[in-house]
Q: 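Have a look at this one before I ask anything.
Letters A, B, ... are given to chains in the order of the sequence lines, protein chains preceding strands, and every chain is numbered from 1.
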2 protein chains.
Amino acid sequence: MDMPAPPPPPHQISDQCRKLSTVLSLVGDKWTVMIVMVLRDRPRRFNDIKRTIGGISQQMLTRTLRALERDGMVSRTVYPTLPPQVEYALTDLGRSMSEPVHALGQWAGAHLDQIEGHRADFDGRTA
Amino acid sequence: MDMPAPPPPPHQISDQCRKLSTVLSLVGDKWTVMIVMVLRDRPRRFNDIKRTIGGISQQMLTRTLRALERDGMVSRTVYPTLPPQVEYALTDLGRSMSEPVHALGQWAGAHLDQIEGHRADFDGRTA
DNA sequence: CAGGATCCTCATTGATACTG
DNA sequence: CAGTATCAATGAGGATCCTG
């Protein structure tokens, strides 16, 4: 069969991106970033995190922490006291991730007004 | 009324984060990052983007591009030819954003295996 | 205190068909 | 080609109640 080169698929980019989006979607998650940021200064307990963030349901906090634990970003330590204490902390991996995330946060902070300006502009023109 | 100091709300962090999450959620969006990455090398036309990404509905492509345009990340130029041509390109702001996003992508790529390892581990222990 | 189980609601996404 | 409009399905996220 004379097919010297298999047709190079035009979506190498998307394939790579698709794998990355698995991780990227972590960052886009409404709560994940907040939790990582909160845990950045020090380990905290469940309701401590809940109170600090404020506005998150325990359902979502549980789920998000589970997801972070699953990805190895957060460690979960149970102290069998009474009442039980569970402490969440960033792992090395989690702390490592928090750096580029923080950088992105910096950028976002620096350009927030600009973006909101564009939005108001756009909405004004559209209305 | 003797309330010398208004009770300092314990969620200064969350307030800041909430504003940032407006921008951060852009990054987490499944398609936004891909589109930005695709537009990073050169301006492209609608169906060109669609084909390159592959798997995105025209509905979502339209919406995501609109959102990016609204935020001032992407410019939309219409050439009144027949058939019509519409070219999308990153603005300076968009290109600026693509840098920390790219950094995050680098990180994600570098740690993808590690993360997937953790996931497999976790799922194994849980199952 | 930490979190599992349920139920419910609304936003996001996709598929399809139509238009300038 | 580059959209808009409509409909249907899926899932995220919140509220509530209950347990170890």
Side-chain angles (χ1 to χ4, degrees), chain A residues 10 14 17-18 21-22 24-35 38-39 42-71 74-89 122 125-127, chain B residues 10-11 14 17-18 21-22 24-35 38-39 43-71 74-89 122 125-127:
Chain A
S14 69
C17 282
R18 230 178 288 280
S21 74
T22 314
L24 261 352
S25 65
L26 263 178
V27 176
D29 187 69
K30 191 177 175 184
W31 303 115
T32 300
V33 174
M34 289 196 196
I35 293 178
V38 165
L39 289 181
R42 67 169 181 281
R44 282 171 187 261
R45 293 172 52 191
F46 189 87
N47 278 328
D48 190 4
I49 301 173
K50 191 170 186 304
R51 268 188 306 273
T52 305
I53 290 184
I56 186 174
S57 65
Q58 106 290 53
Q59 176 81 286
M60 285 317 298
L61 183 52
T62 299
R63 286 187 194 173
T64 310
L65 284 172
R66 273 257 184 293
L68 284 169
E69 191 194 352
R70 187 174 102 104
D71 289 346
V74 157
S75 68
R76 178 175 179 273
T77 312
V78 182
Y79 298 102
T81 61
L82 207 76
Q85 292 195 4
V86 180
E87 191 175 77
Y88 293 91
F122 186 91
R125 285 199 311 268
T126 306
Chain B
H11 36 264
S14 71
C17 282
R18 230 178 289 278
S21 75
T22 314
L24 261 351
S25 66
L26 263 178
V27 176
D29 188 68
K30 189 178 174 185
W31 303 115
T32 301
V33 175
M34 289 196 196
I35 293 177
V38 165
L39 290 180
R44 283 172 188 260
R45 293 170 52 190
F46 188 87
N47 277 327
D48 190 5
I49 301 173
K50 190 170 185 303
R51 268 189 305 273
T52 304
I53 290 183
I56 185 174
S57 67
Q58 103 289 56
Q59 176 81 284
M60 285 318 298
L61 183 52
T62 300
R63 286 187 194 175
T64 309
L65 284 172
R66 272 257 185 294
L68 284 168
E69 191 194 352
R70 187 173 103 104
D71 289 347
V74 156
S75 68
R76 179 175 178 274
T77 313
V78 181
Y79 298 101
T81 62
L82 206 76
Q85 291 195 6
V86 180
E87 192 175 77
Y88 293 91
F122 186 90
R125 285 200 310 269
T126 306

Q: Between Val27(B) and Val33(B), does the side-chain contact (heavy atoms from CB on, under 4.5 Å) criterion hold? Intermediate values first, please.
A: CA-CA 6 Å; Val27(B) 176; Val33(B) 175; 4.2 Å; yes
Q: Please state how far atom CD in Gln59(A) lies from atom P in dG4(C), giving the value in whole angstrom units.
A: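 Computing the Gln59(A):CD to dG4(C):P distance gives 9 Å.
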Q: Nearest to the side chain of Thr62(A), heavy atoms from C-beta on, is which of dT13(C), dA2(C), dG4(C)?
A: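 Per side-chain heavy atoms of Thr62(A), the pick is dG4(C).
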Q: Separation of Glu87(A) atom CD from dA2(C) atom P, in whole Å?
A: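 In whole Å, dA2(C) P and Glu87(A) CD are 10 Å from each other.
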Q: dA2(D) P sits how many Å from Lys50(B) NZ, rounded?
A: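 The answer, rounded to whole Å, is 11 Å.
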Q: Stepwise, does the side-chain contact (heavy atoms from CB on, under 4.5 Å) test hold for Gln58(A) with Phe46(A)?
A: CA-CA 9 Å; Gln58(A) 106 290 53; Phe46(A) 189 87; 4.1 Å; yes
Q: At 4.0 Å (heavy atoms only), tell me whether Tyr79(A) reaches a base, stays on the sugar-phosphate, or touches nothing.
A: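 The answer is nothing, as Tyr79(A) stays clear of every strand by at least 4.0 Å.
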Q: Calculate the interatomic distance between Gln58(A) atom CD and dA2(C) atom P; express it in whole Å.
A: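 Computing the Gln58(A):CD to dA2(C):P distance gives 12 Å.
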Q: Please report the distance, rounded to the nearest Å, between CG in Leu65(B) and P in dG3(D).
A: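 Nearest whole value for this atom pair: 8 Å.
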Q: What closest approach, in Å, do Thr32(A) and Leu26(A) show between heavy atoms, and which atom pair accounts for it?
A: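 So the minimum-distance heavy-atom pair works out to CB-O, 3.2 Å.
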Q: Looking only at side-chain N and O atoms, does Arg44(B) come under 4.0 Å of OP1 or OP2 in dC1(D)?
A: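 Looking at the OP1 and OP2 atoms of dC1(D), neither is under 4.0 Å from any side-chain N or O of Arg44(B).
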Q: Check the phosphate of dT4(D) against Arg66(B), side-chain N and O only, distance under 4.0 Å to OP1 or OP2. Yes or no?
A: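 Yes, because at least one side-chain N or O of Arg66(B) sits under 4.0 Å from OP1 or OP2 of dT4(D).
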Q: Looking only at non-hydrogen atoms, find the nearest pair between Trp31(B) and Thr64(B) and report the distance.
A: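 So the minimum-distance heavy-atom pair works out to CB-OG1, 4.1 Å.
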Q: I want to confirm an ordering. Mapping Ser57(A) and Pro84(B) to their closest nucleotides on DNA chain D, which one lands closer to the 5' end?
A: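 First, find each residue's nearest nucleotide; the 5'-ward one identifies Pro84(B).
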Q: Output the rounded distance in Å from CG (Asp48(A)) to P (dG3(C)).
A: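 Spelled out: CG on Asp48(A) to P on dG3(C) is 13 Å.
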Q: What pair of heavy atoms forms the shortest contact from Arg76(B) to Glu69(B), and how long is it?
A: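 Shortest heavy-atom contact: CD-OE1, 3.7 Å.
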Q: Atom CZ of Arg63(B) to atom P of dG14(C): distance rounded to whole Å?
A: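 In whole Å, dG14(C) P and Arg63(B) CZ are 9 Å from each other.
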Q: Given atom CE of Met60(A) and atom P of dG14(D), what is their separation to the nearest angstrom?
A: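 In whole Å, dG14(D) P and Met60(A) CE are 6 Å from each other.
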Q: When you measure from the side-chain N and O atoms of Arg45(A) to the phosphate of dA2(C), is any distance below 4.0 Å, counting only OP1 and OP2?
A: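 Answer yes for this pair, as a side-chain N or O of Arg45(A) is under 4.0 Å from OP1 or OP2.
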Q: Has Tyr88(A) got a side-chain N or O lying under 4.0 Å from the OP1 or OP2 atom of dG3(C)?
A: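 Yes, because at least one side-chain N or O of Tyr88(A) sits under 4.0 Å from OP1 or OP2 of dG3(C).
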